Amino acid sequence: MLPSELTANDFRVYPDGARAVAVEYLSVISALPLVLAVSMLREISVYDWLFPAEQKLITGQLNHLKLLSAEKRQEAVADSAALSVPKQLSDMDWVNGSRRFLESLTAYLWASHQIDQFHSAAAKYASMVRTDPPPKVDGVPRTTIVLLGESLEKKGYPVFQKLRPQGVFFENVTLDAGSTSEWMRRRAEKAPEPLTHFYLDGSDARGQNYNGFESISWAEAAPLREDLLRRLQHMITTPGAGPEMARTQLASLSPADLGLKRTGKNAVMDHFVVSVLTEGSGTQIFSTTFVQWAARELLRRAQPATLVLHYGVRQQLQPMNDMLSRSVPMASPDAAGSFIDADMGAYYTWINMQRLSGSEQSRFVAFSESRHQAVAIGPGFAKGATMSDPMQGNKLLSLLS
Amino acid sequence: MLIRSPHELVASTSGQIALNRRDFISLASKGAAAAILSGAGIARAASSPARRKVVIVTFGGGARDEETFAPEGQRNIPCLMTSLLPRSTFFAQVVNHGILGHYVATTSLATGVYETFNNFTGDAPANPTLFEYFRKGLRRPAEDAWVISPSRGFAHMGGSVAKGYGPSYAAGVILPKQLLGAASGANASDDILHLLRDNYEEPFVAPQLSRDERHLQQIEELLKLSVSDFRHHAMSLSSADELSVFVARRVMEQLSPTLIWITLHDIDVAHSGAYSLYIDGIQRTDRLCLDIWQTIESLPEYRSNTTMFILPDFGRDSDTNPGGNGFQHHRTGDALSRTTWMMALGPGIREGAFVQRPVDSLDLVPTVGRKLGFDTSLAKGSAIAEVL
């Protein structure tokens, strides 16, 4: 089937919100080349469980396409339309199986040496399709705090080396949990909209919740992780199964498949956590990877006003099959490796912030609880500067607002 | 593809990559210049083609400039920097235009053609391998070409399904972890299990812990080791790649093959997202490359007549490419993930030389063919003049 043959009836099994969007913009979607139409449908099909920022981006992009002149629209999609797609792929049920289609398409683009052409076509399309600006919360500039837990340490390792040139390096900071939670409380009060502030905890502690913040916890996701590892272990021992099949099967799991049936904004969070654990590589076995990838995805998708990350210690490397097996006890913690992972994770989080609109106004702090050192980046923080004087954490946090 | 916002796609990294590559080139040039000034030149004249040997080491799976030869990465590769670089001709831009999956890319390096099979199915390549060209062209016996590879996923890279080639001319493939799995049986201890570690994407090809007779035979007849000695030695090692290098050394000592391909793979633990483990892998691979060279220099059959090539199969994604997650994967196909480096060292190769021009990954096969004196007619790419 081609996009031009789409009808409203094709979306009959979509959830309510998704179906409404697909039907409303049917004329726009059906005019897109196959590759772009399926990409769009992949997003629309899960519309009901997307973050508000994502929903606005999708409808904004569809609206913009609708308003583009035929000539401009043609120009935006021409390179994508020029990609060759075999009939075997176009014959798939890509309306209801967009993920599987895109996986197969990706493999085909690599094998047919069209992957670079695809990236270039996508970049051209994106540059020509204006999207609505992300949601802004007045008076609450986007801020991320990355905490490297106290037990993380690698002697002699120069912390925040990649971040220091971007802001001020504080050599002696006292930042207690009370100061951070008070700062978070005030942030949430200023902007009480749901799905705006997020706390990501990679430690083994449970019950770290903050009013006004959506919490995601490595420890509390343990039942989900164990369920997924059990399934993965089963796939590994199934004759004929391979990593691609496993990836596809994991990625197709929904919260309901894993016993989660919450509604409203909780359903959005459940879908998000499941996507981190099923689509992320290593997120099921290393808490540091879980935090880094979840932070990346939250910034990319939710575009939060506030994001607070807390890295805990991950387990040591073991044979991969053992880490994927619940029958083997967890290995001892790797505090030194975790320190390096979290340091790099902080850097990647800052990079991911820079990709968002308004990044020049955003604030970023990374703090090592074992070193009592921090780096702060944003307006008012001189690049490459070092502050040796002792600094109270609450004072540092006050500089972020 | 998901196009959520222009920021995801239009944040071009090409300028950054170009800058990194210039820094990289600049710094490596300084190292090369120092080596030349110290009196190094062309290594001793090459021996006759009949005595020449070639060892190819893939520095894998997949390492980026930032963690290797770029200024901030050089601390991770002290052996390459101080011991091997001054003796090498160094290629700063080796570009892989193929599929960036380890098995298909490594096999493409070995066929000189960008293969397009599914990376995870472990197919034999469609085009003849270097080993088949070598054995057929020079009428060499089976024991003269060996591939030592990390996992069952690489089991078929020794020979192709190409007409006129195939198993009769293929290299023998040794899978050290399979050997260890066979030697250990179902009761492997923790001292052994860590060597059977597979990267995050490959638990499906992890070795079976069973006393497979074929592998036991390889240990005893090929490596000339008792199963218990093999197992005992393995217990003193810390990684799967160390086991591969140990096996390679035994093969060189026992059989002195002309052509050996060693696929190192510890680095690919990066897929688990742990940067520290990725760096550990690079540091170990750096040390193992020097170990291999020292083995070459210590064995009379190899000393003074062996050319060693060291190259990653490809890089990994850039930190700044919004489609990837930095070092963790190699999925974007961006310039950094495609562009890497190669060292060549041995008799007749200029020491401390630095080549800035781009070289294609496919150029390896015709280069080795010219070096050893056999035809590689179906391979793409061109022989690299700087090392002939």
Side-chain angles (χ1 to χ4, degrees), chain A residues 35-36 39 42-43 54 57-58 61 102 107 110-113 115-116 118-119 122-123 125-127 129-131 134 236 241-244 246 280-283 285-286 288-289 292-293 296 300-301 314 317-322 324 334 336-341 344-345 347-348 351 355-357, chain B residues 1-12 72 97-101 104 114-122 153 190 193-206 269-280 319-320 322-323 325-329 331-334 338:
Chain A
V35 172
L36 291 175
S39 298
R42 182 181 169 189
E43 292 303 297
E54 296 176 284
L57 282 170
I58 287 173
Q61 197 172 106
L102 291 170
W110 276 99
S112 60
H113 299 288
I115 195 75
D116 294 341
F118 167 77
H119 284 139
Y125 169 80
S127 70
V129 179
R130 181 187 62 83
T131 50
I236 289 170
E244 284 183 321
S281 179
T283 53
I285 53 172
F286 289 144
T288 48
T289 305
Q292 189 273 320
W293 181 257
R296 175 199 192 269
R300 184 177 73 90
R301 295 183 48 188
R314 66 161 167 78
L317 179 64
Q318 301 176 80
M320 199 57 69
N321 273 322
D322 288 353
L324 298 177
D334 181 357
S338 302
F339 188 77
I340 296 170
D341 298 347
M344 193 64 170
Y347 176 57
Y348 276 11
I351 288 176
R355 297 196 175 116
L356 301 178
S357 293
Chain B
M1 175 183 66
L2 167 61
I3 301 170
R4 291 168 183 274
S5 79
H7 293 277
E8 289 193 13
L9 286 161
V10 298
S12 169
E72 66 271 30
H97 296 282
I99 299 174
L100 304 186
V104 65
Y114 287 122
E115 303 290 337
T116 57
F117 54 77
N118 183 326
N119 184 60
F120 296 108
T121 54
D190 287 348
L193 283 173
H194 71 283
L195 298 178
L196 304 179
R197 180 183 295 153
D198 270 288
N199 76 61
Y200 188 75
E201 296 211 318
E202 295 188 335
F204 291 87
V205 291
V269 71
H271 283 299
S272 68
Y275 188 70
S276 56
L277 298 177
Y278 166 59
I279 296 298
D280 286 348
D319 287 343
T320 53
N325 192 38
F327 73 92
Q328 188 176 13
H329 301 301
R331 293 176 179 168
T332 65
D334 65 10
R338 291 194 179 282

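Every chain is numbered from 1 and lettered A, B, ... according to where its sequence line falls, protein lines coming before strand lines. Everything numeric in this text was worked out from a predicted model, so none of it was measured.
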Report summary line: Whatever's closer than 4.5 Å to a heavy atom in chain A on B:Q328 counts as side chain
Requested in this report: Measure the spacing between OH of B:Y275 and OH of A:Y347 and express it to the nearest 0.5 Å.
Outcome: 9.5 Å
Requested in this report: Could you tell me which non-hydrogen atom of B:G98 sits nearest to which non-hydrogen atom of A:W110, and how far apart they are?
Outcome: O-CZ3, 3.6 Å
**Report entry** Top contributor to chain B contacts, counting heavy-atom pairs under 4.5 Å, from A:D116, A:I351, A:T288
**Finding:** A:D116
Query - From CD (A:Q292) to CG (B:N325), nearest 0.5 Å - result: 4.0 Å
Report summary line: chain B shares the most heavy-atom pairs under 4.5 Å, among A:G337, A:G345, A:S112, with A:G337
Report summary line: dist A:I340:CD1 -> B:I279:CD1 (nearest 0.5 Å) comes out at 8.0 Å
Report task. Any chance you could measure A:D334, atom CG, to B:L277, atom CG, to the nearest 0.5 Å? Result -> 7.0 Å
Query - Polar side-chain atom of B:H271 near backbone of A:S281 as donor-acceptor pair, under 3.5 Å - result: no
Query - Distance, nearest 0.5 Å, that separates OG of B:S276 from CG of A:L317 - result: 9.0 Å
Query raised in the report: With respect to chain A, which residue among B:Y114, B:F327, B:F117 yields the maximal number of heavy-atom pairs within a distance under 4.5 Å?
Result: B:F327
Report summary line: Honestly, the part of A:F339 sitting under 4.5 Å from a heavy atom of chain B is neither
Requested in this report: Taking all non-hydrogen atoms of both residues into account, name the closest pair between A:F286 and B:S272 and its distance.
Outcome: CE1-OG, 3.4 Å
Report task. Over all heavy atoms of both residues, which pair between B:A274 and A:T289 is shortest? Give the atoms and the distance, please. Result -> N-OG1, 4.0 Å
**Report entry** Least distance between heavy atoms, A:H113 atom then B:T116 atom
**Finding:** NE2-CG2, 4.3 Å
